[in-house]
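Order of listing sets the numbers, starting from 1, for every ligand and every atom in it.
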Amino acid sequence: MCGIVGYVGKNQAPSILIDGLNKLEYRGYDSAGMAVHDGKNINMLKTKGRLSNLIKLLIEHPLKGTLGIGHTRWATHGAPSDINSHPHMSEDHVIAVVHNGIIENYMEIKEELAEKGFHFVSETDTEIIAHLIDSYYKEGLSFEKSVFKAVSRLEGAYALGIICRDCPDTLIAVRKGSPLVVGNGNGENFIASDIPALLNYTREVYFLEEDEIAVLTPDDIKIYDKNENPVKRDIYHVTWDIEAAEKSGYAHFMLKEIHEQPKIVRETILKRVPENGEGIVLDNIKLGKEELDNIDRIYVVACGTAYYAGLIGKHLIEKVCRIPVVSEVASEFRYKDPILDDRTLLIVVSQSGETADTLEALRIAKRSGARVLAVVNAVGSSIAREADDVFYILAGPEIAVASTKAYSAQVAAMYILTCHIAVAIGKMSKDEFKAVKEELYTIPGKIEYILQKESVEKRLAEKYKGVRNVFYIGRGLDYLVSQEGSLKLKEIAYLHSEAYAAGELKHGPIAMIDENTLVVAIAVQEELIEKTISNIKEVKARGAKAMAIAMKGNTKIADVADDVIYIPRTMGLLAPVLANIPNQLFAYYMALNLGTDIDKPRNLAKSVTVE
Ligand code: F6R
C-alpha cells in the first residue's frame, strides 16, 4: 500500500525522502512523487512507475529545500498515471498532500468544492483533501486549524502528510486507520508509514494513535487528538538495526527471510517456553484457567498467509484442547453475523498489525464485548494497540511482500498457545507437555537442515519450470500447509495453482488434471499417508507429474511420486512448520526461473490497509 515520508529540518529534504521511499518500496506501489518547499514555494515532481523514474526526474529537475513530503502510490481511485500520483496540490500550490488510504466521502466533498469553483485535475480521492484544506485556509484559518477542520470532514481510513506554502518549517501528519510513525531527530523531525524509512536518521519514534494530528517543526513535535487537545505520548526506542531491513547479501529479501526462520522460530519459542522454566511464559496475556473457564467459543480471524497460520491454530486447539474454534477470513467475518459476546475469545493473526479487514474484525468483536488476543509481528501497530492481549512473534521486519518468516513464527505461536490452553484446562499432562517442549526445541535445527538442502527445491523448480497448472493437495494439517504453499506460488510466480483437500480432487477438480499439471502432495501426517498415496496414484494415472513432501524414512511414497522432498522426522502436530519450508523454497526458485519481481510481486501490497 502507499508509502509516506516527510521531513522538516536543516538538511536537504529530497535525498532523505528518496532514501525513505526506498525503504518503503516493499509495501508495493505503482508511482512515486515528492513536494519540496524551497523557502518560498512548493515544487513538485511525480511520475508513474518505479522510484528510479522519480530519481531520473530529480536529476533532470533538481529540487531544493529542507521541508518536504514524499510518496509511493498503490492505485485505488484512478489508474497509475503521472497525474494521479501523489503529492496533490491545491490550485494555487498553497497546500500539498500525500495520502495513504481511502476517503470514502470524497465524491460528496468534491461536488461541494466544485460548486465553490474548485477545479480538479486527477481521478483520485486525495486531491479533494488539498482543496478542502485550502478552502478553509482561504477563509482565514491558520494552516493548522484548516487541517483540523478538513480532517473532521473526512470519512474513511487515511494517513496524511501535509505542507503549506506559507509555513516553510511546518509539516503536519494525520493518522486515522492507516499507519504513520513520527521520528524524533536532532534539529530535524520525520514522518513515515513504517520504521525502516526512519532508521538511517533516528531510532526514537512516536506511534500516532487513531484520529491524532502531529505538527512537526525542526525542533518540536506536538501531538493533538481530534478535539485539538494536546496529547502526551511516550517515545518508543527502536532496538533492531537497519541491517534487519536490508538484504545482507541475499539476492532477495524473500530468500533472506526464508533463511532467518531457524533464528526467529527459536527466539519465538524460547521467549515463551524458556529452557530452564517449568511452563509457558505469556507475560501479561490473560489466558489462565479462570479466563478460559469464561470462554464458550474461540474465533481465529486473519487474512492470507496469516489466515493459513491461524487455521493451523484452529486445528491444534480443537484437536488437543477439544474446544470448538471457528476460523474466518477477516474480509468475510462481518458478513457472517458472528456470534460474539463477553464469553468469546477472538484470536486475530497479523504480521503487519495494520490489515484493515483484520482490524475491523477486531473492532466488531470488541464492540460486542469479546476479548481479543492478537498474534502480531509489528510492535505498536494498530491491531497490537487495540487488542486486549498481544502475543508478539518476534520475527523482525518482514520486507518481502510474500510472507515467510512471519508465517513460521505465527505457527510457532499457535503451538505455544495450544500447549498453554491444553495445560491450563487439563487436556495435556506435565509429561505430555515435557515431550512436546523437547520436540519444539528441535524444530529450529530441523528448519536449518531443510534450508541447507535448498538445492533440492532449486533443482525441482528447474525441472518443473514449464508447468502452468499446479495443484497442492493434502489431508488434515497437510491440507492446511497446501493452502499456504499454493498461495506462495501464485503470488510470486504468477502461476495458476490451487490447494485441494486430497480427498476432494475426485469430486470435480480431477477433470483438470493432465500431463501439463504438477501435483504437489504434502504427506507428512503419517497416519493419513496411505490415503494420500492413493490420491497421488490417481493423478499420476491421468498424466500429471507428482512431487511429494514427506518425512524422512517414508520410502513408500517414493514408489509413486516422481520426486520426493524429505523433511526431518517430528511429531505430526509440529510438522506443518517444517513441511512449509520446501513450499517456500520451491515457490521462490520457480519465481526466479520465471523472472518475476519476487520481493514486490505485481498488484500486491505488503500491508493491506484498505478493506
Ligand atoms: C501472503 C501475504 C498476505 C498477508 C495478508 C495479511 O504472502 O503476505 O496474504 O498474509 O495480507 O497480512 P498481515 O499478516 O499483515 O495481516
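- Residues S408 and Q261 bring a donor and an acceptor atom of their side chains to less than 3.5 Å of each other.
- Classification of the F471-H496 ring pair by plane angle, with boundaries at 30° and 60°, yields perpendicular.
- When hydrogens are left out, the protein atom nearest atom 2 (C) of ligand 1 is T305 OG1, 3.8 Å; that is the closest non-hydrogen contact.
- Y464 does not carry R459 over the face of its six-membered ring by the limits of under 6.0 Å from the centre and within 45° of the normal.
- Checking only distances, T358 never comes within under 3.5 Å of ligand 1, N or O to N or O.
- Note: Y236 and F207 meet the aromatic proximity criterion, with ring centroids under 6.0 Å apart.
- With respect to atom 11 (O) of ligand 1, the closest heavy atom belonging to the protein is V608 CG2, 4.1 Å.
- Distances shorter than 4.0 angstrom do not occur between any heavy atom of L604 and any atom of ligand 1.
- Here the closest non-hydrogen pair linking L51 and A32 is CD1-CB, 3.7 Å.
- Salt bridge present: R363 and E210 bring a charged side-chain N and a carboxylate O closer than 4.0 Å.
- Less than 4.0 angstrom separates some heavy atom of A306 from each of these atoms of ligand 1: 10 (O), 14 (O).
- Interface atoms of ligand 1 facing K488, defined by a heavy-atom separation under 4.0 Å, are 1 (C), 7 (O).
- Ring pair F333/Y299: centre-to-centre distance below 6.0 Å.
- Within the listing of ligand 1, atoms 7 (O) sit less than 4.0 angstrom from a heavy atom of A402.
- Considering only non-hydrogen atoms, atom 1 (C) of ligand 1 lies nearest to E491 out of K490, E491, E354.
- Distance from atom 12 (O) of ligand 1 to its nearest protein heavy atom, with residue and atom name: T355 OG1, 3.4 Å.
- The protein atom (non-hydrogen) at minimum distance from atom 6 (C) of ligand 1 is C303 O, 3.3 Å.
- Residue Q351 approaches ligand 1 through these ligand atoms, each under 4.0 Å from one of its heavy atoms: 13 (P), 14 (O), 15 (O), 16 (O).
- The protein atom (non-hydrogen) at minimum distance from atom 15 (O) of ligand 1 is S352 OG, 2.6 Å.
- For the pair K286 and E291, the salt-bridge criterion is not met [side-chain N within less than 4.0 Å of a carboxylate O].
- Not one N or O of G304 is nearer than 3.5 Å to an N or O of ligand 1, by distance alone.
- To the nearest 0.5 Å, atom OH of residue Y494 and atom CG of residue L604 are 7.5 Å apart.
- Counting heavy atoms closer than 4.0 Å to ligand 1, residue N377 contributes nothing at all.
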